[in-house]
Colleague: 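Have a look at this one before I ask anything.
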Amino acid sequence: MEQPGTLLRKRLEKLEQMPTLPVALAPLLKYLDQPIDQLDIQEVVNLISQDQSLTAQCLKMANSPAFGRWQKIDSIRGGLVALGLQRMRDIAVSCSVLRLTPNSQVSMDPVVFSEHSFGCALVCRQFARAIKFADPSKAYLCGLLHDIGIVAHLWILPNEFAATLEIAQRRHIPLHQAENATLGCSHAETGRQVAENWRLGAEVIETIGWHHDPSGATSHRALVALVGLSDLLCRMSGLGYGYIEQRQVSFLEEPGFALLLEECPALQTFDWARFTFEMDGYVEEVRRLVTALYRT
């Protein structure tokens with residue numbers, strides 16, 4: 001394997017090869033950033049409907065219990081009316097992210113990656129609501145995108161990343177630790193660069209870059225900590241990277257806990273045991289939905 005310094009230079013040179021967010025998504029996100037009273041539902045319908053595959057996946061996800069619907073939604077307009085603009089934005093972004101992994105044979109199963117990303121997004125949203133975090137929707141978006149650096153590694157360092165993943169699996173250690181040892185950087189650092197290239201918001205960039213080390217964040221630290229804890233909870237609950245990490249975890253002792261507690265006092269009485277038990281339902285729904293989306 002090449003030296004970490006050489007790999008880092010290669011990573012920087014090849015980052016341009018990463019795919020961008022789908023064409024339909026950028027104007028959609030920009031449009032939905034406006035005050036809600038200035039939005040036109042038909043314009044949102046038109047923006048999503050530009051991409052037929054995205055439309056089909058959005059409808060499939062909109063009909064999932066994960067988004068609180070049990071009655072069938074058969075149109076994007078129906079989804080907007082039933083779920084609201086914010087929730088449909090979350091769905092459109094989710095479907096777009098699930099399509100970013102390379103089509104060729106890669107070391108990490110795209111379904112496994114998608115299960116972790118989508119699972120983390122759902123856990124972030126539920127966790128944020130439970131502890132009265134100010135913006136559960138932002139938590140969902142950051143949870144969804146937190147591991148975008150893994151997609152970058154699959155694109156620009158496929159062989160080196162495959163070897164790194166094999167080491168993490170064999171030693172049952174966190175993936176970012178194996179990346180730091182073999183690549184000289186983790187997917188968090190690479191993901192931060194991707195987020196900056198895509199001109200994502202400051203909160204998203206900071207969260208992607210520091211979700212494994214919330215104490216290093218200089219802004220939006222509570223959000224970073226929330227996503228970091230949710231990511232860890234997913235990995236410990238079977239929604240990780242296709243292997244089990246052999247480690248003892250006490251969430252109360254995690255660095256992110258104290259940071260999050262500063263902004264969300266409700267965390268002090270948060271029922272971790274109950275929330276962990278509810279994870280079983282999330283895991284089942286996430287796997288069913290991701291499998292369905294990959295058949296679309």
Side-chain angles (χ1 to χ4, degrees), residues 116-117 119-136 138-150 164 168 171-196 200-241 243-276 278-279 282:
H116 176 68
S117 298
C120 188
L122 289 177
V123 170
C124 283
R125 189 178 69 197
Q126 294 304 108
F127 189 16
R129 289 173 175 168
I131 63 174
K132 297 179 173 56
F133 182 75
D135 194 344
K138 183 68 71 176
Y140 177 95
L141 180 64
C142 290
L144 184 71
L145 295 171
H146 78 286
D147 273 348
I148 202 68
I150 290 178
T164 300
R171 297 181 182 175
H172 301 282
I173 62 175
L175 178 59
H176 64 280
Q177 290 183 11
E179 289 173 321
N180 282 326
T182 59
L183 304 179
C185 63
S186 76
H187 59 269
E189 297 164 84
T190 306
R192 182 185 181 93
Q193 288 185 284
V194 172
E196 289 173 348
L200 299 180
E203 307 105 309
V204 180
I205 293 172
E206 193 76 353
T207 302
I208 290 173
W210 294 105
H211 68 275
H212 287 303
D213 182 19
S215 60
T218 57
S219 61
H220 312 292
R221 300 178 84 195
L223 177 60
V224 176
L226 188 153
V227 173
L229 290 171
S230 299
D231 166 67
L232 181 58
L233 182 58
C234 286
R235 284 159 37 214
M236 295 296 103
S237 302
L239 274 181
Y241 305 125
Y243 68 95
I244 302 297
E245 296 177 26
Q246 292 181 346
R247 55 184 297 199
Q248 295 295 320
V249 172
S250 171
F251 287 96
L252 300 182
E253 297 175 2
E254 286 294 313
F257 182 87
L259 294 176
L260 189 55
L261 185 60
E262 293 175 7
E263 184 167 319
C264 302
L267 183 61
Q268 189 68 61
T269 56
F270 183 68
D271 191 340
W272 285 103
R274 178 178 178 179
F275 194 68
T276 302
E278 291 173 349
M279 278 291 297
Y282 295 139

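Just the heavy atoms: all of them, side chains too, but no hydrogens, waters or symmetry mates, feed the values below. Nothing fancy with the numbering, it's 1 onward along the sequence.
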Colleague: Measure from the ring center of Phe275 to the ring center of Phe127 and say whether it is less than 6.0 Å.
Modeller: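 Phe275 vs Phe127: aromatic centres under 6.0 Å.
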Colleague: For Thr218, check side chain to side chain donor-acceptor pair (under 3.5 Å) against everything at least two apart and list the hits.
Modeller: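 Partners of Thr218 by the side chain to side chain donor-acceptor pair (under 3.5 Å) criterion, ordered by chain and then number, come out as Glu206.
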Colleague: Can you name the salt bridge (Lys or Arg N to Asp or Glu O under 4.0 Å) partners of Glu262, sequence neighbours left out?
Modeller: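 Glu262: no salt bridge (Lys or Arg N to Asp or Glu O under 4.0 Å) contacts found.
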Colleague: Check whether any side-chain heavy atom of Glu253 sits under 4.5 Å from a side-chain heavy atom of Gln248, and report yes or no.
Modeller: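 No, every pair of side-chain atoms sits at 4.5 Å or beyond.
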Colleague: Do Pro214 and Glu254 make a side-chain contact, defined as non-hydrogen atoms from C-beta onward lying under 4.5 Å apart?
Modeller: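 Heavy-atom side-chain distance check fails, nothing below 4.5 Å.
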Colleague: Do the non-hydrogen side-chain atoms of Tyr140 and Asp135 ever get within less than 4.5 Å of each other?
Modeller: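 When only atoms from C-beta onward are counted, Asp135 and Tyr140 do not touch, as no gap falls below 4.5 Å.
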Colleague: Quick check: are there more than 12 heavy atoms from other residues, nucleotides or ligands sitting under 6.0 Å from CG of Leu252?
Modeller: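 Enclosed: over 12 neighbouring heavy atoms sit under 6.0 Å from CG of Leu252.
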Colleague: In chain order, what residues pass the side chain to side chain contact (heavy atoms under 4.5 Å, CB included) check against Ala130, with sequence neighbours excluded?
Modeller: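 If we apply the side chain to side chain contact (heavy atoms under 4.5 Å, CB included) test to Ala130, skipping adjacent residues, the hits are Phe270.
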Colleague: Extract all donor-acceptor atom pairs below 3.5 Å that involve side chains of residues 224-241 and protein atoms in other chains or at least two apart in sequence.
Modeller:
unit_1, atom_1, unit_2, atom_2, d
Ser230, OG, Leu226, O, 2.9
Asp231, OD1, His116, NE2, 2.8
Asp231, OD1, His146, NE2, 3.1
Asp231, OD2, Arg235, NH1, 2.6
Arg235, NE, Glu245, OE2, 2.8
Arg235, NH2, Glu245, OE1, 3.1
Arg235, NH2, Glu245, OE2, 3.4
Ser237, OG, Leu233, O, 2.7
Tyr241, OH, Asp147, OD2, 2.6

Colleague: Answer yes or no: is there a side-chain heavy-atom contact under 4.5 Å between Ile208 and Cys142?
Modeller: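 They are not in contact (no side-chain heavy atoms under 4.5 Å apart), so the answer is no.
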Colleague: Is the side chain of Arg129 donor-acceptor paired with the backbone N or O of Pro136 at a distance under 3.5 Å, no angle test?
Modeller: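 A pair under 3.5 Å: no.
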Colleague: Indicate yes or no: at least one non-hydrogen side-chain atom of Trp210 is less than 4.5 angstrom from one of Arg192.
Modeller: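 Yes. Closest side-chain heavy atoms under 4.5 Å.
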Colleague: At what distance, to the nearest 0.5 angstrom, does CD1 of Ile205 lie from CG of Leu200?
Modeller: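 Taking CD1 in Ile205 and CG in Leu200, the distance rounds to 6.0 Å.
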Colleague: Locate the shortest heavy-atom distance separating Ala188 from His211; write the atom from each residue and the value.
Modeller: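 Here Ala188 and His211 meet closest at CB-CE1, 4.0 Å.
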Colleague: Rounded to the nearest 0.5 Å, what's the gap from OG1 on Thr164 to NE2 on His187? Could you check?
Modeller: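 Answer rounded to 0.5 Å: 12.0 Å.
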Colleague: For His176, check ring-ring contact (aromatic ring centres under 6.0 Å, His included) against everything at least two apart and list the hits.
Modeller: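 Partners of His176 by the ring-ring contact (aromatic ring centres under 6.0 Å, His included) criterion, ordered by chain and then number, come out as His212.
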Colleague: With rounding to the nearest 0.5 Å, note down the distance linking CG in Leu261 to CG in Leu267.
Modeller: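 Here the rounded value is 5.5 Å.
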Colleague: How many angstroms lie between CD1 in Ile150 and OG in Ser117, if you round to the nearest 0.5 Å?
Modeller: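 Answer for the CD1-OG pair, Ile150 versus Ser117, is 7.0 Å.
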Colleague: Tell me, please, which residues at least two apart from Thr276 pass side chain to side chain donor-acceptor pair (under 3.5 Å).
Modeller: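 Here no residue qualifies.
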Colleague: Which heavy atom of Tyr243 sits nearest to which heavy atom of Pro174, and what is that distance?
Modeller: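 In this case the closest contact between Tyr243 and Pro174 is OH-C, 3.7 Å.
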